[in-house]
Amino acid sequence: MTSNQPEILAPAGDRTAFLAALAAGADAIYVGLKHFSARMQAGNFAVSELAELTALARERDCRVYVAFNSLVKPGDVPAAGRLVARLAETVRPHALIVQDLALLALARQAAFQGELHLSTLANVSHPMPLAATQRLGVSRVVLPRELNVDEIRACAQACPPGLDLEVFVHGALCYNVSGRCYWSSYMGGKSGLRGRCVQPCRREYEQKTRKERFFSCNDLGLDVLVKPLLGLPRVRAWKIEGRKKGPHYVYYAVAAYRLLRDSIDDPAARKTAQELLEQALGRPRTHYGFLPQRLHHPVETGGQTGSGLPVATLDKARGRTPHITPRLALLPGDLLRVGYEDEPWHQTIKVSRAVPKGGRLDFAAQGPAPRPGTTVFLVDRREPELTRRIAALDKELAARPGAPGEPKAPDFTPAMPRPFTRGGGRGAVIIQNVNRHPPKALAKGLSPAAWLSPKSQLAGAGRSWWWLPPVIWPDEERMWADTVAQALRAGATRFVLGAPWQVCLFPGGQAQGAAQADEARRPAPGAHLRRPLRGRGAKGPKPTHRREAELWAGPFCNVSNALAVQALADMGLAGAIVSPELAREDALELPRHSPLPLGFVTYGMWPLGITRIPADAVKPEKPLKSPKGEICWTRRYGPNNWIYPNWGIDLRAKEGELASAGYVMFAHLFESIPREVPKATRASTFNWDLKLL
């Protein structure tokens, strides 16, 4: 790799995949730990094991990044800080990949010397915020998979010196925008933001007479389209997704993209790279929206969207053992998956002997008998040459002087912010009734709020709270800056942001990214913004102007701990409506250390997710039923589709308990349910009564 070439960034979910990435010549490898990883279903690494692997990688000029990209609960902060300190002391990875702003503060406190990369889960989705991320200590931003090549180019042009970009080129696609999917969490407490997603989007859903995997995407595969990325100097990494994949996938995907990068103008090399990717055992590939003039829908209803290579369909003669006749030779150690993960007979089988093409493989069913005709996928294999290469590296690793065991956790106690308190008592609690349009009338004691849009009626704007969307795309950036300016001119002063970076849409907000002034003499970022509800613990300048904006982080900012709130305070925000994913004990703990006033979503329709993918196969405003009888529906706002369940949150009975804990604002989100969608007979308490894993 030359200095102006992007690195090939490989995934590794376990030791064998890590060694496969090294064998394939990866320039960098990203891994997760046993805790605080967005892929907790991968094998992941203990610190001592990772220290040995990282030392081996350094000898081969291969960088190692640790994905610390999990939402951090209030009680997690000390443990997360100790883990960062342990990594800094024993592993010394080249970078941490984070989504939670608390990790930026913890890395500084723990004297971590590597780079800090902002995960795609942090939702930096348009150019304007890039400079602001650098002020937080970030040196690389991982861009969303949804961006096309022109939008990536716009982001590259907006990067200040010293800030780089990372772009996904291959691997699994999520239907919803990263950081804006709550499907698994809403259905039962297994949050994608905590690395526990059970992929309900991969299930079959039924709409009228059609039963399809409407939300199950093919894999991203840019392969021969990556040449435009070579001309973008700020794009420093081509990222291959797949920390849950085996070594076979890792080796072939890395080898293919190395060949494409190094010989992009060689037709023979391109053909070889595509052949390598065919052997990687992923899903069918799509370039999705990478070429704006030739969009590919990533969902092909009616086709197979299972990961792996289909090698057979299940035969079962009456009274005989289930068996397959494979369409290619199987090797000892190969892994087969029977059916899809949401089918009751789903299982993984390890091949114990060589089976020739057209031969027969019997297996004993584990659980319900598989249905004849079920597809069987080859998901990982053990070719002799790859096995030898991994074994040689494993032998070399075993010969190294290793650590005696897990290193002792450093004596590290994170410095927490001074909590916000109101002078003169708790005072009245604000309840925002959030509608799609400003309501004409409200019940007594409720505060009007509406989603801001370019078409918003702004008469009397100063009386309302205005909510910005959870995600803004590059082609919308100027429109939203103009919309905010129009609202401010109409007298609006109170806004709820859909992402922390939306502070850059407000006058003076972009100045937060400037890095040329002396840091010690510079006023705090966002010092022009109004800070209400001041008390003995509140910091920042006093309001100087009635028309100054009061900005709150909204619930889609996924705020879950006091250090993240402190980062928002440093950006000039006045308060935060915390993540509604939090369980009761976490929600009640957070105000104890929060430096800003807090709010909570206690009622209304919370989306399962937000997607940029057009709902071509799904009829909007019509019910969709899951195999478990759950009902959801879709609605389009701007360029995005919102997926809603037909039952909403109702925690209004908990508002007194939350107020006693220190919350000063509650949000009620109103969304009309389509006429054809049956109204639910239940409400959700989200994760209130669960333990968010």
Let me know which of Glu275, Glu383, Glu278 forms a side chain to side chain donor-acceptor pair (under 3.5 Å) with Tyr252. Glu383

Charged N to carboxylate O below 4.0 Å: is that the case for Arg261 and Glu7? no

In this structure, CZ of Phe68 is separated from CG of Leu116 (nearest 0.5 Å) by 11.5 Å

Any luck finding a side-chain donor-acceptor pair between Arg285 and His170 under 3.5 Å? no

Nearest non-hydrogen partners of Pro645 and Tyr186, listed with the distance: CG-CE2, 3.5 Å

Identify whether the distance between the nearest side-chain nitrogen and carboxylate oxygen of Lys244 and Asp14 falls below 4.0 Å. no

Take the angle between the ring planes of Tyr65 and His117 and call it parallel below 30°, perpendicular above 60°, tilted in between. perpendicular

Indicate the atoms forming the closest heavy-atom contact of Gly179 with Leu121, along with that distance. N-CD2, 3.4 Å

So that I can tick it off, tell me whether Asp394 and Arg389 are bridged by a salt bridge, with the cut-off set at under 4.0 angstrom between side-chain N and carboxylate O. no

So do Val31 and Val66 actually touch side chain to side chain, heavy atoms under 4.5 Å? yes

Please work out whether the ring planes of His287 and His296 are parallel, tilted or perpendicular, with thresholds of 30° and 60°. parallel

Just wondering, more than 12 heavy atoms not from Arg382 lying within 6.0 Å of its CZ? yes

Can a salt bridge be assigned to the pair Arg337 and Glu343 using a cut-off of 4.0 Å between side-chain N and carboxylate O? no

State whether Tyr249 and Arg381 meet the cation-pi test: NZ (Lys) or CZ (Arg) under 6.0 Å from the six-membered ring centroid, and within 45° of the perpendicular axis. no

Just one of Asn176, Val618, Val299 clears the side-chain contact (heavy atoms from CB on, under 4.5 Å) bar with Phe215, so which one? Val618

Closest heavy-atom contact between Val379 and Gly308? CG1-CA, 4.2 Å

Using distance alone, with no hydrogens and no angle criterion, decide if Asp262 and Tyr257 have a side-chain donor and acceptor under 3.5 Å apart. no

Please assess Arg270 against Asp223 for the test salt bridge (Lys or Arg N to Asp or Glu O under 4.0 Å), listing each intermediate value before the final yes or no. CA-CA 8 Å; Arg270 293 202 303 272; Asp223 47 88; over 6 Å; no

